[in-house]
Each structure stands twice: as C-alpha cells, then as structure tokens.
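Reading through the structure tokens given below for one structure.
FYI, the numbering just counts along the sequence from 1.
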Amino acid sequence: MSTAAETPVFSVDGLWKVFGPKADRVPADPGLAALPPAGLRARTGCTAAVRDVSFDVRKGEVFVVMGLSGSGKSTLVRCLTRLIEPTAGTIAIDGEDVRAMDRARLRELRRHRAAMVFQHFGLLPHRTVLDNVAYGLEIQGVGRAERRERAAAVVAKVGLEGMERRRPSQLSGGQRQRVGLARALAADPEVLLFDEPFSALDPLIRRDMQEEVVRLHREEGRTMVFITHDLSESLRLGDRIALMRDGRVVQLGTPEEIVGSPADDYVRAFVRDVPREQVVTVRTAMRPASAEEAAAGPALAPTATVSQAIEAVARAGAPARVMDAGRCLGVVDHESLLAVVAGVTPAARQEAV
C-alpha cells in the first residue's frame, strides 16, 4: 500500500462527462449541474453520465468502482485514458495531466502505462493464444523472439501453460478471459483497468477469475481499477470501493466502511443482505482491554473478520486479544461480536450503557 506522501497513480478531480448538445454548459452552470437526470434531459437534451466525481487511486491498491447499470461506472473508467473524452474536470496519472496529452502521449499511456481488460475479450480468432498475448508487444515494436518469450511467461502466470498453440475457438469463456488478462499483463503496465471483465462468465468460472486477480495482486502488487455491478465481487476484490449512482459517487470507502457505516439509505439498501460478520473487522467490535485481558487469551490480527473472531472466542471460551506488532489494541468478546452482527456500533453500545 502507498504512503500519504506518494503521488496517486490516478488523481481525478471534478470530473464530468455529459452527452448531448452544448455539453460543456452543464458543468459550468450550477443551476443545470444541480438538476436530477430527468430534469436535465428535459431542459437541455443532455445526459450527465459522470457528475462531479473526485477520487485518488493509490499505488498498489485495488480500487473498485461499483454501481448498477447506467450509474456511469464504465464511462468513468474510459475517461481515465480518454477512450471517452471528459467534458470537464482534471485527470492525472503520476501527476501528469491526461487531458493535456497529445495523441502520441495518449498512445504511450494506453500501450504502456494503463492497460484495459474488457468484458468482451476482443481476441484475434486467426491467432494462437501465444500470438494473441504477444499482440500488444508487437504493436509496441518489440522483436519477435523477445515478445514470444515474454508472452509465454505471462501465459504460464495466468494458468494457460500448454495451451499456447490453441485458437480462441478452442477455449472456454474463462480461458479466453485469461488470454485477455495475459495480453494486458504482457505490456507490464503500471495499472490494469478492468471493465466488468467477468460479468458474462458462469458463476464458478467467475469465482476462479476473481481468485486469479486476488493472486496476481498479492504476487505483483500491481495497481488495479476494477469496474463491476456485483457487490460480492466488489467486497471480495476491493481495498476501497466507490459506489456510484446516477453519475455521482455516493460513498467511497473500504468494504468495511461501506457495509458497516452506509452513507445514506441507498447504500444501506445496497448492502442490506451482506453478512456483516464476513466483512467487518475486529477493529469495529473491540473494546479496551483490562490488564488481565491484555496478558492472556487468543490473539487476532486487526484485519481478522468478526466471523473469524466469533470462532476464536467460541473455541477459547474467553475474550480474544486484537494484537498488532506485539501490542494489544483491545479485546473482543461474545457480546461485542454479536452486537456488530446485529448492526449495533460500539458508539451505540456506549450510549445504551
């Protein structure tokens, strides 16, 4: 993870994308900018797909943008590399102004620095797996021997070793998506941009691909921006999640913050059926430890989930210590853990006492 002093990989500030006539007047006019979607369409004939969005993507994190169909998430990710031209606002990659880039600099950005993985794989049917993976390197002008060597290494990394000579028509959907992922990885980009890459896959294959992303991130620490409409996918993959509605980010936070402290009724309804104990960590449930409690009992990391803590407390028959670098941060017991499962925050518990 990054430190606060590091320049974000992507920094987005006040970003708008408006479709329709004289689109640039919408962000510039506070009265128009404040209109709801239906009102804006009726008055101007315009649709604001992205409305005044700001966020940073930190080096080494998986940043998830989640929302239902029509929320603006796919338009947003395409704006990051100007596959769609923004209407207003700023986008920077490593501090460099993306909107000021000329065509040559944009090509360099898309080929080397930020690679897209799409839902529709776009594989070349007449090429083998190896040659599909090497295609981006060929476009970059990398020599045949080097690009095939690099492509073979990435093919093995995504679990397709032995399939190098197959054509896309000989592969399953999950295997084709692995080829698409390998093609993006072969360029060794600073950041991978995923636009709903697994939404067309069967549930079991989809879970396999999610695990592949988790594994690759764990092994490489590569920065990823992941677009999805699936809440469980967001919670599984995201270090932080930006939840979008009608072009706006309605909440940005960790999975624990989104599930444990929804920003409004919309987010609350979105996460209502999520098992809190599988997302919320013991930091939320812990209370101060007495000297006796701090000295004994099972130990849990601060990142342990409430579900894991319930098991530990049940096995020990005693409170569990939350330990970080040898220091006891607090303890969790049966009562505090069940209160979190029921949706009662520590602050609310204190008020009730």
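Atom CD of E96 is surrounded by more than 12 heavy atoms from other residues, nucleotides or ligands within 6.0 Å. Within 6.0 Å of NE2 in H112 there are more than 12 heavy atoms belonging to other residues, nucleotides or ligands. Counting non-hydrogen atoms of neighbouring residues, nucleotides and ligands closer than 6.0 angstrom, the OH atom of Y135 reaches no more than 12 such neighbours. More than 12 heavy atoms of other residues, nucleotides or ligands lie within 6.0 Å of CD in E211, so this atom counts as buried by the packing criterion.
Checked by atom type, the side-chain pair T87/D24 shows no donor-acceptor distance below 3.5 Å. Inspection of the T228 and E233 side chains reveals an N or O donor paired with an N or O acceptor under 3.5 Å. There is a side-chain donor-acceptor pair under 3.5 Å between S54 and D13. Using a 3.5 Å distance cut-off with no hydrogens or angles, the side chains of E256 and T281 do pair a donor with an acceptor. Side-chain polar atoms of T128 and E164 form no donor-acceptor pair below 3.5 angstrom.
Under the 3.5 Å distance criterion, the side-chain polar atoms of D29 are matched with a main-chain donor or acceptor of G31. Between the S71 side chain and the L68 main chain, a donor and an acceptor come within less than 3.5 Å of each other. Side-chain atoms of R147 come within 3.5 Å of backbone atoms of V142 as a donor-acceptor pair (strictly under, hydrogens ignored). Judged purely by atom type and a 3.5 angstrom limit, R127 uses its side chain to pair as donor or acceptor with the backbone of D131. The closest donor-acceptor contact from the side chain of K59 to the backbone of T7 lies at 3.5 Å or more, if one exists at all. Not a single donor-acceptor pair under 3.5 Å links the side chain of T284 to the backbone N or O of V280. A donor-acceptor pair under 3.5 Å links the side-chain atoms of R82 to the main chain of V98, judged by distance alone. Using modelled atom types, no side-chain atom of D56 and backbone atom of P8 make a donor-acceptor pair closer than 3.5 Å. R178 places a side-chain N or O within donor-acceptor distance of the main-chain N or O of V158, the cut-off being under 3.5 Å. When atom types are taken as modelled, the side chain of Q175 and the backbone of S172 share a donor-acceptor pair closer than 3.5 angstrom.
In this structure, V322 and V331 have side chains that are not in contact, with every pair of non-hydrogen atoms separated by 4.5 Å or more. No side-chain heavy atom of F226 sits under 4.5 Å from any side-chain heavy atom of E196. Within the 4.5 Å cutoff, no side-chain heavy atoms of L193 are placed close to those of V117. Side-chain contact between M66 and M244 is absent, with no heavy-atom pair separated by less than 4.5 Å. With contacts defined as side-chain heavy-atom distances shorter than 4.5 Å, the pair R148/L130 qualifies. Looking only at side-chain heavy atoms (C-beta outward), V9 and R58 stay at 4.5 Å or farther from each other. When side chains are defined from C-beta on, R222 does not count as touching V191, because their heavy atoms never get closer than 4.5 Å. You'll find the side chain of V225 stays beyond 4.5 Å of the side chain of L192, heavy atoms only.
Annotation: cation-pi geometry satisfied between R245 and Y266 (NZ/CZ under 6.0 angstrom from ring centroid, within 45° of ring axis).
The CZ atom of R268 sits 9.5 Å away from the CD atom of Q251 when rounded to the nearest 0.5 Å. With rounding to the nearest 0.5 Å, the separation of OG in S11 from CD1 in I93 is 11.0 Å. The line from CZ of R113 to OG1 of T81 is 11.5 Å long, rounded to the nearest 0.5 Å.
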Verdict with reasoning, M323 to L329, per side chain to side chain contact (heavy atoms under 4.5 Å, CB included): CA-CA 6 Å; M323 302 293 291; L329 305 180; over 6 Å; no
Stepwise side chain to side chain contact (heavy atoms under 4.5 Å, CB included) test for R287 and D333: CA-CA 9 Å; R287 58 171 174 78; D333 55 25; 3.0 Å; yes
Side chain to side chain contact (heavy atoms under 4.5 Å, CB included) assessment of L40 paired with T47: CA-CA 7 Å; L40 182 65; T47 298; over 6 Å; no
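Among the candidates L15, L83, V50, the single residue satisfying the side chain to side chain contact (heavy atoms under 4.5 Å, CB included) test with T75 is V50.
Residues I84 and V65 are members of separate hydrophobic clusters, defined by side-chain heavy-atom contacts under 4.5 angstrom among Ile, Leu, Val, Met, Phe, Trp and Tyr. Each of V133 and L124 belongs to its own hydrophobic cluster when Ile, Leu, Val, Met, Phe, Trp and Tyr are linked at side-chain heavy-atom distances under 4.5 angstrom.
For F55 and F10, the ring centers sit 6.0 Å or farther from each other.
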